[in-house]
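Everything below concerns the one structure shown next.
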Amino acid sequence: MGDKNHSYVTEIIGRENQKVLSSKLASINNEVRFSILKILRDYQRVHNYKTKEPLYSREINLMLANYNINITPQMLGQHLKILVEAGILKEVVVKKEIPNKVGKRNVKAYVLKEDAFEDLFLDINFFVEELVTFFDLYDINSKLNNKKCCTMTIFNGKDKGKTYRINKNDCAVIGRRGNGDLSDIKSRKIILDNSYNTVSNILKPHLKLFYENDGWYVLDESSSNGTYVGDNLIPFGIKTKLINNSFLKLSKGNGGAVFYCSF
């Protein structure tokens, strides 16, 4: 099903992605910073993402009161710095008139980076719509993971929140519902709603997931729009070893499906 050298390379790529994943998720796994992201998300929705209208740190601090969070400007600055260093926020300096001050002064302002979660999810729109529920779904996955199987949770679209546990003696095939008789498919089936319209039909599965002696592997033999581990496209016909806590993308963009896999 493939060569050992390729498996090694994809495992190293997976480790690098995991470092990025861990860094970004750690940066938002905090009540204050998560609230900051929600504030910026809602603000940019109102002001249109294309304009990239920034929000000043003083304004962010005032809005945090809506989340029953009261912190000093210095403490807010530390939280903002963490988000900037994680590559989630962009810091800009603008000239602004300060109340009770003469003239304009340089003030730091912040905007969500368009590609903040591109390496973890699908795109900025996916982040905007889905990140609020991320930790709830992560918890579901974590609670079901018993280290004896691969636990897969769908993170987007109509089937969001559905979780599957694949045993080590199973071979799971994944694809959208489509039409046709599935009785000939002997493998464990994970059937997605047809709204995932860029995912291949389950009759010609988009992806296979299985366990071998040294770990969990995925195999995309001929999907229409490709499969990604993190943000790396896996080659057709060559098994790719998964790293624990991986994101699998069946196609990219609208109509694709994102799975979170842990084992």
Between side-chain atoms of residues 76-84 and protein atoms elsewhere (two or more places apart, or another chain), which donor-acceptor pairs fall under 3.5 Å?
| unit_1 | atom_1 | unit_2 | atom_2 | d |
| --- | --- | --- | --- | --- |
| His79 | ND1 | Arg33 | NH1 | 3.0 |

Side chain to side chain contact (heavy atoms under 4.5 Å, CB included) against Ser195, all qualifying residues, sequence neighbours excluded: Lys158, Asp193

Taking C-beta and beyond as the side chain, do Ile166 and Met152 meet within less than 4.5 Å on heavy atoms? yes

Is any NZ, NE, NH1 or NH2 atom of the basic residue among Lys204 and Glu221 found under 4.0 Å from an Asp or Glu carboxylate oxygen of the other? no

Taken in chain and number order and not counting sequence neighbours, the residues that satisfy side chain to side chain contact (heavy atoms under 4.5 Å, CB included) with Thr72 are Gln74, Met75

Residues Leu40 and Leu55: closest non-hydrogen pair is CD2-CB, 3.7 Å

Between Thr227 and the options Thr240, Asp220, Val199, Leu233, the side-chain contact (heavy atoms from CB on, under 4.5 Å) test singles out Asp220

Is a side-chain donor or acceptor of Asn61 paired with a backbone partner of Met63 at a separation under 3.5 angstrom? no

Exam field: side chain His206 to backbone Gly226, donor-acceptor pair closer than 3.5 Å: yes

So, using side chain to side chain contact (heavy atoms under 4.5 Å, CB included) as the criterion, who are the partners of Thr198 when residues are at least two apart? Asn225, Ser251

From Ser223 atom OG to Ile174 atom CD1, the distance as rounded to the nearest 0.5 Å: 11.5 Å

Indicate, with yes or no, if Ile234 and Trp216 share a hydrophobic cluster defined by side-chain heavy-atom contacts under 4.5 Å among Ile, Leu, Val, Met, Phe, Trp and Tyr. yes

Between Tyr196 and Ile154, is there a side-chain heavy-atom distance shorter than 4.5 Å? yes

For Tyr110 and Glu91, which I'm curious about, is there any donor-acceptor pair between the side chains at under 3.5 Å? yes

Could you tell me whether the side chain of Asn156 and the main chain of Asn254 form a donor-acceptor pair under 3.5 Å? no

Contact check, side chains of Leu219 and Leu207, non-hydrogen atoms, under 4.5 Å: no

Apply salt bridge (charged side-chain N to carboxylate O under 4.0 Å, His left out) to Lys241 and Asp214, showing your working. CA-CA 9 Å; Lys241 189 175 184 180; Asp214 59 344; 3.7 Å; yes

Is there side-chain contact between Leu242 and Phe263, with at least one heavy-atom pair below 4.5 Å? yes

I'd like to check Tyr211 versus Cys150 (side-chain heavy atoms, cut-off strictly below 4.5 Å). Are they in contact? no

Are Ile71 and Leu89 co-members of a hydrophobic cluster defined by side-chain heavy atoms under 4.5 Å apart? yes

Can any side-chain N or O of Ser200 pair as donor or acceptor with the backbone N or O of Pro205 at less than 3.5 Å? no

Donor-acceptor pair, Arg188 side chain versus Arg165 backbone, under 3.5 Å? yes

Just grab all the salt bridge (Lys or Arg N to Asp or Glu O under 4.0 Å) pairs involving residues 167-176, residues at least two apart or on different chains. none

Quick one: does Asn167's side chain have a donor or acceptor within less than 3.5 Å of a partner on Asn169's backbone? no

Side-chain heavy atoms of Lys249 within contact of Phe259, under 4.5 Å: no

Is there side-chain contact between Ile39 and Tyr67, with at least one heavy-atom pair below 4.5 Å? yes

Any chain of hydrophobic side-chain contacts (each under 4.5 Å) joining Phe236 to Val218? no

For Asn197, check side chain to side chain donor-acceptor pair (under 3.5 Å) against everything at least two apart and list the hits. none

Is the backbone N or O of Leu192 less than 3.5 Å from a side-chain atom of Asp159, with the two atoms forming a donor-acceptor pair by type? no

Taking every non-hydrogen atom, the tightest pair across Val107 and Tyr56: CG1-CD2, 3.8 Å

Is there side-chain contact between Thr163 and Thr151, with heavy atoms separated by less than 4.5 Å? yes

From CG (Asn194) to CD1 (Ile202), nearest 0.5 Å: 11.0 Å

CD1 on Ile60 to OG on Ser35, rounded to 0.5 Å: 11.5 Å

Transitively linked via ILVMFWY side-chain contacts under 4.5 Å: Tyr228 with Leu250? no

